[in-house]
Amino acid sequence: MKRYDVLIVGGGPAGSTLAWALRDAALSVAVLDKRDFPRDKVCAGWVTPAVMQELAVDLDDYRREGRVLQAIHGFRVGLLGAPEVETRYGEEPVSYGIRRFEFDEYLLHRAGECGAELLTGTAFKGMRREGDHWIVNDELEARVVVGAGGHFCPVARAMGAKPGRSERIVAAQEIEFPMTAEQAAACPVDPAIPELFFTPDLAGYGWIFRKGDYLNIGLGREDNHQLSRHVAEFVRHLKARGRIPDATPEKFHGHAYLLYPHAPRPLVDDGRLLIGDAAGLAYPQSGEGIRPAVESALLAARTLRECAGDFSRARLEAYRQRMEERFGRRQPAPGLLERLPAGLKQAVAARLLRSPWFARNVVMDRWFLHSHQPPLAADTRPAA
Ligand SMILES: Cc1cc2nc3c(=O)[nH]c(=O)nc-3n(C[C@H](O)[C@H](O)[C@H](O)COP(=O)(O)OP(=O)(O)OC[C@H]3O[C@@H](n4cnc5c(N)ncnc54)[C@H](O)[C@@H]3O)c2cc1C
């Protein structure tokens, strides 16, 4: 039996950030992931500078070894089929494009260098309570188990989550591929200006995002109905307008996630807590999930440090309170805007999305860049 203070199930951005944030905490930490790294993850790979700051990532170090770090200086935004509005910012990048294949491996490797034991290529099979600790897979003992296994996290399921049932998911499909030299030369998409297309029914949006010579195309919707048809229509539209190569691969990869306000998942339990997609934390309008995953990990690290070895539900409750202070209270019922008649919403949105002021101040600054929210401190040690 191997023994740890903290066992983190899932080595994506949430899990690796928590392991890294617990460095020097006098806690033994292990990260269990069913995959070997590097591994792919369905994602557009768009992160704001706030995320890099919260992770204390040295951008020059990150770029070393040829990792993709595409600086973004603006956006084109519009309703699918209508003219787009272009917003440009200044010299400083307002976002970065990363490849999850590289980003996740970089963060997990760093967590390992900081002392966490990396148990990759090992799936979580089950957990049982024995006294005041958990036994996982019949061979790992932990005083606290953190579910960081993404939307289908097995720890979240053990805590009562029911993915696919009674949850309002966002379903998304995406493809990322390296363009050939001819495709790259012919591609009109500016790597510094990703393009966003809201669907006419406002149930979601599609994107084209060029990162160097990689092209990332995708579409996500709040209703899972006929997603593949919506994606196929989007791709046809982009091809007809010459925005993407005719030979764009057809096999898109799908995944799901939950938006924070409606996610019915618990955050804490006796000796267990959930972070990242396992807890259902994505921002409502953009679906961005990496920043909430990183922030939840930082808030969890602060809480675990304060627990002084007592990981009872009462002590872990501080994490839930911190999450509410940061992300607000969850609202299981639809909000006022969501209850407006669809026709009215669409008519108003069509007008607003033609407005450069709205595109910049609301869609980009507020919904996608979250520039109103200062980053959390990367240092999770209690104040002296
Ligand atoms: C199409 C699409 C596009 C997106 N684009 C963006 C974007 O541009 N920017 C952004 O911020 N967010 C984006 N998101 C959301 C983002 O991908 C997630 O919010 C983010 O990956 C959450 O990180 P995480 O660490 O919680 O989970 P994950 O990254 O999903 O990591 C979970 C880990 O748990 C492991 N795991 C799962 N089950 C088990 C098991 N049984 N045993 C052991 N290990 C297990 C997995 O192998 C995985 O490594 C997008 C999502 C989708 C679907």
Side-chain angles (χ1 to χ4, degrees), residues 7-19 30-48 50-52 70 72 95-101 103-105 107-108 111 118-127 136-137 140 145-158 163 169-176 194 196 204-207 209 211 216-221 224 227 231 252-260 263 265 274-283 286-297 300 368-370:
L7 179 66
I8 304 167
V9 178
S16 60
T17 301
L18 176 59
V31 183
L32 181 79
D33 199 294
K34 64 181 177 184
R35 304 279 301 274
D36 284 314
F37 281 61
R39 57 103 178 87
D40 265 322
K41 159 77 181 81
V42 178
C43 186
W46 167 351
V47 290
T48 51
V51 172
M52 295 306 204
Q70 175 65 56
I72 297 174
S95 270
Y96 295 99
I98 48 89
R99 298 189 62 230
R100 292 291 300 272
F101 187 76
F103 184 70
D104 290 18
E105 138 92 348
L107 296 180
L108 189 60
L118 306 183
L119 308 170
T120 51
T122 313
F124 172 101
K125 295 191 201 91
M127 65 195 300
V136 170
N137 289 1
L140 307 171
V145 173
V146 179
H151 181 69
F152 297 101
C153 178
V155 181
R157 288 176 197 259
I169 60 160
V170 174
Q173 289 188 3
E174 168 261 23
I175 190 166
E176 181 166 294
L196 303 176
Y205 69 92
W207 65 87
F209 186 6
K211 307 175 226 179
N216 187 301
I217 305 162
L219 183 135
R221 287 178 62 81
N224 195 12
L227 178 63
V231 171
F252 279 57
H253 307 282
H255 203 63
Y257 54 87
L258 298 175
L259 302 179
Y260 175 80
R265 299 200 178 179
L274 299 180
I275 58 176
D277 273 11
L281 302 181
Y283 288 140
S286 65
E288 176 189 356
I290 298 174
R291 182 168 174 183
V294 166
E295 293 192 349
S296 62
F368 280 77
L369 300 175
H370 275 259

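Atoms within a ligand are numbered from 1 in the order they appear, just like the ligands themselves. Fair warning: this is a prediction, and the values are worked out from it, not measured in the lab.
The shortest N or O to N or O distance between Val9 and ligand 1 is not below 3.5 Å. Polar contact check, Ala14 against ligand 1: a nitrogen or oxygen pair lies under 3.5 Å apart. At least one N or O atom of Gly45, backbone or side chain, sits closer than 3.5 Å to an N or O atom of ligand 1. Of the polar atoms of Gly10, none of the N or O atoms is found under 3.5 Å from an N or O of ligand 1, judged by distance alone. Backbone and side-chain nitrogen or oxygen atoms of His151 are examined, and none is located within less than 3.5 angstrom of a nitrogen or oxygen of ligand 1. The shortest N/O to N/O separation between Gly15 and ligand 1 does not fall below 3.5 Å.
Under a 4.0 Å criterion applied to the non-hydrogen atoms of Tyr257, ligand 1 contributes the atoms 51 (C), 52 (C), 53 (C). For ligand 1, the atoms closer than 4.0 angstrom to any heavy atom of Ala44 are 3 (C), 4 (C), 5 (N), 6 (C), 8 (O). Shown in contact with Trp46 at under 4.0 Å from a heavy atom are these atoms of ligand 1, numbered in order with element: 7 (C), 8 (O), 9 (N), 10 (C), 11 (O). Taking a cut-off of under 4.0 Å to the non-hydrogen atoms of Arg35, the atoms of ligand 1 that pass are 47 (O). Taking every heavy atom of Gly276 and a limit of under 4.0 angstrom, the matching atoms of ligand 1 come to 26 (O). For ligand 1, the atoms closer than 4.0 angstrom to any heavy atom of Glu288 are 10 (C), 11 (O), 12 (N).
Selection from Gly12, Ala123, Gly150 by nearest heavy atom to atom 27 (O) of ligand 1 gives Gly150. Looking at Gln173, Arg157, His255 and measuring to atom 53 (C) of ligand 1, the nearest heavy atom belongs to His255. In the candidate list Ile8, Val294, Asp277, Asp277 is nearest to atom 22 (C) of ligand 1, counting heavy atoms.
By the 4.5 Å heavy-atom criterion applied to side chains, Ile290 and Phe103 are counted as neighbours.
Side chain of Asn216 to main chain of Arg99: no donor-acceptor pair is present (N/O by atom type, distance under 3.5 Å, no hydrogens or angles). The backbone N or O of Gly11 sits nowhere less than 3.5 Å from a side-chain atom of Asp104 that would complete a donor-acceptor pair. In this structure, the side chain of Ser296 engages the main chain of Gly276 through a donor-acceptor pair within 3.5 Å.
Remark: distances from the non-hydrogen atoms of Ala148 to ligand 1 include one below 4.0 Å. At least one heavy atom of Arg39 sits closer than 4.0 Å to an atom of ligand 1. Residue contact check for ligand 1: Phe209 places no non-hydrogen atom closer than 4.0 Å to it. Within the structure, ligand 1 has Val42 among the residues with a heavy atom less than 4.0 angstrom away. Not a single heavy atom of Phe152 lies less than 4.0 angstrom from ligand 1. For Arg100, the closest heavy-atom approach to ligand 1 falls below 4.0 Å. Not a single heavy atom of Ala282 lies less than 4.0 angstrom from ligand 1.
Residue Phe103 does not touch ligand 1, judged by heavy-atom distances below 4.0 Å. For Lys34, heavy-atom contacts with ligand 1 shorter than 4.0 Å involve the backbone as well as the side chain.
Protein heavy atom in closest approach to atom 47 (O) of ligand 1: Asp33 OD1, 2.7 Å. Among protein heavy atoms, atom 41 (N) of ligand 1 sits closest to Pro154 CG, 3.4 Å. Annotation: atom 15 (C) of ligand 1 to nearest protein heavy atom, Gly289 N, 3.9 Å.
Here Phe252 contributes atom CZ and Ile217 contributes atom CD1; the two are 5.0 Å apart, rounded to the nearest 0.5 Å.
A salt bridge does not link Arg100 with Glu176: every distance from a Lys NZ or Arg NE/NH1/NH2 to an Asp or Glu carboxylate oxygen is 4.0 Å or more.
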